Amino acid sequence: MEGYTFADLVGDEEVFFAEFWDKKPMLRKNALKGNPSEILSFSRLDEMVNMEVIRPPYVRVNLNGAGVSEKTFTRTVTVQGTEIPDSVIPERLYDLYRSGATIVWSSLNHIEPRLRSFCKVISDKLGARTDCVAFLTPAGRQGFNPHHDPVDLFIVQTEGTKRWRLWNPQGERSSVIGTYTEEQLGEPAIDVLLEPGDVLYLPYHTPHAAAAREKSSVHLSIMMRPRKWQELLQKTVESLIEGPEFSAFPYIGDSRGASVESDFKEKIEALAARLNAVNAPAELDRLLESGRYLEPGRPPRIKADDTFQYSAALDELGPDATLRRTGTPLQVGESDSGRTQLVCKGHTIAVPSSIAEVLTGLEEGASVSAATLFPDLPVERSVKNAQGFARLGVLEVAAV
Ligand SMILES: [Fe+2]
């Protein structure tokens, strides 16, 4: 799959943030290069149906505007003596789809690495929580009635087509879901048949209605929850009132003394002084970074050297492999009878003192070959030890 950027979604970022962000919906035809079905295809959804463990609440079904009871398409299966009460019955899901149901997969970013990455691009840019929901709709179905959602959305069409009508947000914007009649809304601001690769942006409270007509449709709805000034300021204040100065428990009941009131005034002044001293660019960077890691649409924290694949590759490490000292702290404990204790990530291991000396003498980033890492040892044992310390994360493979 193409590695998409935020600019692929929105085009000129300056124009997007000046004219559309938090203001009005935007349409970009043919926004995504490459083959958009690689983001999510009919066939990948078939595979997910066959993974019966992708079950409610990850998968839901809507028919004629109402949710279908999970009992209709799930059953209890037993796995190693444990009952899984809501495992999906694939043939029932297919029956429902044939009868016109829309199938919805929520938080697919928890399941599909490529969608996790797709969401991460948005989370990284906005410092906002993102969540990816996929909608599969059979041809000829009216979707939901016009409504608005309490979240910002990017809509990405990946297979088939879907007609979307969007109206500009009207009146006071509310953070709860709302429905409309066609008469209330009048002419839509955007009326478009979305095709694979097309993208829509909907700020929260944008009335919209969508329907698959000629073709079946797969689209992703990436929900974003940007934070208001209120939430950002709350975080800043929270960070400023940490510490002993603000940690006493005052008695504020009706028989409180005057001193409580003057103490309160003092605390407010102390907080005001701290607020005034805030370094705005640094604090905004901190808030951006914290927003990138909000649950549940968190970016992946699986690092390349955490993977099973990486561990398996370490098993094959040869004498010519080059290793590097990582930043993982290594503490030196007691030495006794030629052996030294090393403490790493909470594990204590006793190794020959010569090995401990070599390891603690390596600068972070310094490269060595597996064969010569431990010069006092025969090549084979040097490689074995290198493998062991790579598994612990003290060393990493620089080149094989
Ligand atoms: Fe919606």
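All values reported here derive from a predicted model rather than from experimental measurement. Numbering of ligands and ligand atoms starts at 1, following listing order. Only heavy atoms go into these numbers, but all of them, side chains included; no hydrogens, no water, no symmetry mates.
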Trainee: Kindly give the cluster partners of Leu240, where membership spreads through any ILVMFWY side chain lying under 4.5 Å from a current member.
Mentor: Val237, Ile241, Phe246, Leu271, Leu275, Val278

Trainee: Thinking salt bridges, do Glu182 and Arg165 make one under a 4.0 Å N-O criterion?
Mentor: yes

Trainee: So, of the N/O/S atoms that His147 has, which is the nearest one to the Fe ion (ligand 1)?
Mentor: NE2

Trainee: Measuring from the Fe ion (ligand 1), name the closest N, O or S atom belonging to Asp149.
Mentor: OD2

Trainee: Which residue pairs pass the ring-ring contact (aromatic ring centres under 6.0 Å, His included) test when at least one of the two sits in residues 163-191, sequence neighbours left out?
Mentor: His148-Tyr180, Trp164-His208, Trp164-His219

Trainee: Please confirm if an N, O or S atom belonging to His208, backbone or side chain, lies less than 2.8 Å from the Fe ion (ligand 1).
Mentor: yes

Trainee: With no hydrogens and no angle check, do the side chains of Lys235 and Ser290 hold a donor and an acceptor under 3.5 Å apart?
Mentor: no

